[in-house]
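Atoms within each ligand, like the ligands themselves, are counted from 1 in listed order.
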Amino acid sequence: MGEENSDYTKNFVDLRRHMWIEGVEVELRRLIWQIAVVGKYISAKIHESNRKLAGFKNVYGDEQLALDRISDDILKSQLKFSGFVREYASEELEDIIKIGTGKEKYIVTADPLDGSSLVDTNLAIGTIIGIHKESILDSGRRTMVAALYITYGPLITMIYSAGQGAHEFVLDREGEYVLSQENIRLKEKGSIFSPGGLRRDWIPEHLKFVEQLEKDGYKLRYSGGFVPDINQILIKKGGIFTYPALKKSPQGKLRLLFELQPMAFIMEQAGGLATDGNQDILSLKVENVNQLSPIYIGSVTEVQMAKKILSA
Ligand code: F6P
């Protein structure tokens, strides 16, 4: 049965139906669907690892690293045979690799398991995906056509955008991604902040910005996982996440291609902004896959305030 015709008796909107209603082009929606399915496999691996943590076997760093690699392998092999992906770049690989026949439409970037060091703490972690049509390196143009992330927490949720808003789905007990929030819209101003990096390493301008947020009564919300921290801002409809330039690391810590640009795409689609303090994250030229960048991402008021203080 074709995906368009599948089960019209449902009284909820699942991911495939939503993308179809939204008019997402057929290959793109099939690709997004396949990636969402990979999320289920990755989540099964996380559970396996956590079962061991729950007393069956001790799990140390090595195994957490293995979880990163397993997630990457699952994703890569799924995309290789998807029929839609010609190039794949991942945090786990040195460089962009060619997969498929070379004639496929899309290039996919992945952080297969972001925040994997949090697995043993049972905090939320996630998968971040960017989907591009054109070559991603050196273009200096916006090449992303869609982005999504999956949060593995008490619930498994997925937010995707194919350029027509950002939409949240929850994986239900039957293994269906069910629409939970359509067109997430941030308020102009939020009330939480997630500041990465050590205070003693911040540059003076950034310190001034954070002090202003504190003075204005913003609540501190920082888990150490990029996916849940961004997710919190989206779901609470406002606030700001920063990982700034540090005194000894002017480009900060987070990766432009794998982490920052996909989240910037989604945040913009939800009415927010993402900048490095000066330029939009999505307009930054990606010269190599491991490029880092500072980031200020969230609702408009806070991001603009950051820009103002940083440029003073
Ligand atoms: O890039 C990995 C990562 O764990 C992100 O998920 C998170 O936002 C950041 O690093 C946390 O960094 P730190 O441990 O310096 O707060």
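- Note on ligand 1: D229 sits outside its first shell, no heavy atom being nearer than 4.0 Å.
- Neither the backbone nor the side chain of R255 has any atom closer than 4.0 Å to an atom of ligand 1 (non-hydrogen atoms only).
- Not a single heavy atom of G196 sits less than 4.0 Å from an atom of ligand 1.
- Between W202 and H206, the ring-plane angle classifies as perpendicular under the 30° and 60° cut-offs.
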Report, one line per pair, each donor and acceptor closer than 3.5 Å where one atom sits in a side chain of residues 181-193; sequence neighbours left out.
residue	atom	partner	partner atom	Å
Q181	OE1	K237	NZ	2.8
E182	OE2	H18	NE2	2.8
R185	NH1	Q269	O	3.1

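- Side-chain contact, S293 with D276: no donor N or O sits under 3.5 Å from an acceptor N or O.
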Apply the test salt bridge (charged side-chain N to carboxylate O under 4.0 Å, His left out) to residues K308 and E302: give CA-CA distance (whole Å), side-chain angles for both, the deciding distance (0.1 Å), then the verdict.
CA-CA 10 Å; K308 202 165 150 207; E302 292 85 343; over 6 Å; no
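- Near F226, meaning under 4.0 Å from any of its heavy atoms, are these atoms of ligand 1: 5 (C), 6 (O), 7 (C), 8 (O).
- Scanning the protein for heavy atoms near atom 11 (C) of ligand 1, the closest one is Y222 OH, 3.4 Å.
- Contacts between L254 and ligand 1, counted as non-hydrogen atom pairs separated by less than 4.0 Å, involve the side chain only.
- Closest protein heavy atom to atom 12 (O) of ligand 1: K253 NZ, 2.9 Å.
- Atoms of ligand 1 found under 4.0 Å from any heavy atom of D114 (numbered from 1 in listed order, with element): 1 (O), 2 (C), 5 (C), 6 (O).
- Each of N231, D114, D111 was evaluated against Y149; a single residue qualifies, N231, per the side chain to side chain donor-acceptor pair (under 3.5 Å) test.
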